[in-house]
Every structure is written in C-alpha cells, then in structure tokens.
Amino acid sequence: MKKDFFQYQAQTTPHPLSLEISRAEGSYIYDTDGNAHLDFVAGVSACSLGHCHPAVVRAVEEQARTYMHVMVYGEYIQAPAVEYSRELASRLPSPLETTYLVNSGTEAIEGALKLARRVTGRSGIIAARNAYHGNTMGSLSLMDYEERKAPFRPLLPDIRHIEFNRKEDLDRITSGTAAVILETIQGGAGFIQPENGYLKAVRDRCEAVGALLILDEIQPGFGRTGALFAFEHYGIVPDILVMGKGMASGLPIGAFTASREMMATLSDKPMLGHITTFGGNPVIAAAALATLRELTSSHLIPDTLEKEAQFRKRLEHPMIEEIRGRGLMLCLMMKSSQIANDLVLSCARKGLVLFWLLFEKNAVRITPPLTISEAEIDEGCAIILEVLEGMTE
Ligand SMILES: Cc1ncc(COP(=O)(O)O)c(C=O)c1O
C-alpha cells in the first residue's frame with residue numbers, strides 16, 4: 001500500500017507522515033498494525049465530533065439510502081440542504097440569513113470574493129499578511145507568501161495586504177475596496193487572536209468606505225473556540241461569513257452566508273453567477289445538519305473552554321514558551337522549529353497525533369475533536385510531557 005501511495009497518489013510534500021489507516025473512532029485513529037493513535041488534530045480541525053460520530057454516521061446512512069445526487073446545486077428542493085441552511089440562519093445574527101453550500105473551504109472563499117465584487121461593483125480586496133484562505137487561484141492570490149505564489153502567477157490583481165492587528169494599516173481600505181477578508185483568528189500564522197478592538201475598527205472602516213467585511217471562520221467556526229463562531233467573541237457581525245472544515249464533522253463541505261439581498265445578486269445579471277454540481281449534496285448536508293444539531297443541543301461548545309483550561313494546566317513546562325489560541329484551537333509555542341518538529345515526530349511514535357502550522361514553524365497544533373474526554377486530554381498531555389522530559393534544548 002505504501003509503495004502504491006507514493007507511486008499513484010499525487011503528493012503534497014516529499015515527506016508525508018504516511019500512517020496507514022485501518023479505521024477511526026471517537027478520539028482514536030487505528031493503523032493497519034493495530035496501533036491506536038490518540039488524535040489531537042482532528043483532521044486539521046475538521047472532525048469536530050470526533051471520528052465516526054454515531055449521529056453523523058446515522059444521518060449519512062439514512063440519506064445515502066434515500067437519495068444521493070439528483071441535480072446540480074440550486075435546482076431541486078432537497079430537504080437536507082434546505083433544513084441545514086434554515087437551522088444555520090436561526091443560529092446567526094442578522095443580516096446573515098442565506099447560505100450558499102459548496103464543497104470545500106477554498107471554494108467558499110472564491111464564492112465570497114465573487115459575491116463581494118458583484119455586490120459592490122469594485123475590484124479591490126484587502127487581505128492580511130500571514131493569512132491562509134485556501135489554495136485555488138483566488139484564495140492563493142490572497143496570500144502574501146511570494147515563494148508559494150510565484151510559480152502560479154499571474155494571479156488575481158487588485159489585492160493589497162495589511163498587518164493583522166495593526167490599526168494604522170486600516171486607511172488602506174478605501175472607496176475602491178470591495179472587501180476586506182480576514183481570518184477571525186489567524187490559523188497558519190500561529191493562532192493569533194484579534195486584539196484591542198481590532199475587528200471592530202476594521203468593521204467601522206469598512207462601513208465608512210462602503211467595503212464589505214468577509215470573515216473566514218473555516219478553522220475557528222463550529223464551536224472550536226467556545227462560541228458557534230469566533231466573531232461572536234468580538235462584538236461584530238461580518239457581511240459575509242465563510243465556513244468549512246468542522247461543519248460536517250469530517251465530510252467535504254464549505255459555505256458562505258450573507259444577507260438575502262446580497263446573495264440574490266448571484267442569480268441575476270448574470271444568471272448562474274456562481275454554480276456547482278455537488279454543492280449542497282444531500283448526504284453531506286445531512287452530515288452537516290447532524291453535526292450542527294449535536295453541537296447546539298449539547299454542552300460541547302461551552303466545554304471547549306474547560307478543556308482549554310485543562311490543557312493549559314497540564315502543559316506547564318519550561319520548554320513550552322506559550323500556549324496560544326482559544327478553546328480547542330490551541331498551539332504550543334516552542335523555542336525553535338527543530339524542537340517543534342521533534343515534538344510532533346516523537347509524539348507520533350508514542351501514539352499521539354500532533355501537527356504543524358502552515359507558516360509559524362515554532363508552533364505545534366492542538367486541535368482535538370470537541371468530543372475529547374478529560375481522560376484523553378490527560379493521556380495525550382502525559383505523552384507530550386514525557387517526550388519533552390527526554391529532549392535536550
Ligand atoms: C482559515 C482557512 N481558510 C481556508 C482554508 C481552506 O479550506 P479547504 O482546505 O477546505 O479548501 C483553510 C484550510 O486549512 C483554513 O484553515
């Protein structure tokens with residue numbers, strides 16, 4: 001299997017972790033040698049309810065038996081997508097009411113960018129340095145890492161960058177700006193939270209010049225930070241909310257939500273302004289609905305804050321310089337990328353799944369399923385401490 005993986009499956013790095021999976025359940029992944037791996041990563045924040053949560057499996061099985069794909073997005077009335085969009089709207093503040101369902105986070109970003117240009121009639125987009133919004137051409141254009149962009153140029157024009165959390169940069173948002181796009185909490189950059197009313201200042205500046213505010217909640221969304229969406233912590237509402245990852249607890253989905261009036265522009269002048277074959281797929285939408293219901297009818301979301309406190313208490317160690325983030329979107333800041341790397345790889349050998357962040361190389365990701373238990377947190381933290389004790393600085 002390993003040989004075929006390298007030969008027939010396109011690779012993303014020269015050194016993938018290449019764990020061979022047999023199955024996964026709850027907070028554990030099992031390899032083909034029968035070893036259990038405690039999962040502190042949750043498929044990079046995707047498996048919000050853990051692996052194969054019974055409510056999600058049941059919803060998928062029932063829907064798969066009833067009907068799967070019957071028509072492209074938006075033509076037929078299919079209950080899972082309609083119910084999902086309605087329930088999501090009931091959980092969101094006004095004017096976020098109408099949802100466009102797509103297949104991935106990056107595709108939702110593309111839709112949000114198109115919507116912003118369509119609504120404002122402007123072309124300028126402002127994004128933050130060190131942001132990550134995905135890897136299709138539009139999302140890639142938003143990144144400020146030239147070495148990752150250069151081979152793929154030309155990309156989208158009219159994109160400018162500001163420093164996240166630096167209010168002095170906000171005068172770059174002008175009457176030529178269609179939208180400002182920010183991650184509510186920066187992920188790849190090192191789990192950086194907005195500070196000192198930063199998001200409110202961005203919101204105000206957008207309003208002053210008629211630009212839209214797009215918040216990318218693909219990673220912090222769906223309960224990971226102790227609220228259904230992280231923007232709720234900062235007293236603002238975006239014009240366009242972008243979602244993905246944890247939305248269907250491990251199945252491929254993305255979405256963007258805006259006011260009904262704004263969203264209506266995608267179906268008029270031109271008609272079919274944004275289309276997709278599989279967006280809103282009923283099996284995936286059923287999984288998303290089961291996830292949303294489970295998250296909002298349980299204590300899982302408030303519990304993330306208690307679990308965060310448990311991680312912070314258990315992981316006090318001189319080699320951990322800082323624990324960044326909120327809820328179960330945490331990262332350990334180590335003194336060097338070498339130490340971070342050794343920690344991830346040594347823990348992997350002891351049956352604990354950790355991972356890196358995209359840009360901040362001194363960080364080690366801890367984004368477990370929201371369903372992780374206290375005992376499992378203790379078990380994984382003990383492995384981290386044991387590895388750190390055996391390491392020299
Ligand atoms: C903040 C953020 N935006 C966008 C994306 C892209 O999502 P996807 O990989 O589903 O295209 C990611 C994925 O890591 C992300 O973390």
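For the single chain, residues carry numbers from 1 onward in sequence order. Counting starts at 1 for both ligands and their atoms, in listed order. These numbers were taken from a predicted model, which means no experiment stands behind them.
When A131, G105, G254 are checked for heavy-atom proximity to atom 10 (O) of ligand 1, G105 turns out nearest.
Between Y73 and F278, the distance from one ring center to the other does not fall under 6.0 angstrom. Checked against a 6.0 Å centroid threshold, the rings of F164 and Y198 count as neighbours. Remark: aromatic rings of F229 and F222 are close, center separation under 6.0 Å.
Here K245 has side-chain heavy atoms under 4.0 Å from ligand 1, and that is the only part of it that gets that close. Heavy atoms of T106 found under 4.0 angstrom from ligand 1 belong to the backbone as well as the side chain. Residue contacts with ligand 1, taken as heavy atom pairs separated by less than 4.0 Å, involve H133 solely via the backbone atoms N, CA, C and O.
Follow the hydrophobic side-chain contacts under 4.5 Å out from L156 and you reach I125 in the same cluster.
In this structure, atom 14 (O) of ligand 1 is in close contact with the protein, since a protein heavy atom lies within 4.0 Å of it.
In terms of N/O distances under 3.5 Å, ligand 1 is approached by D216.
Applying the salt bridge (Lys or Arg N to Asp or Glu O under 4.0 Å) rule to E306 yields no partners; only residues at least two apart in sequence or on another chain are considered.
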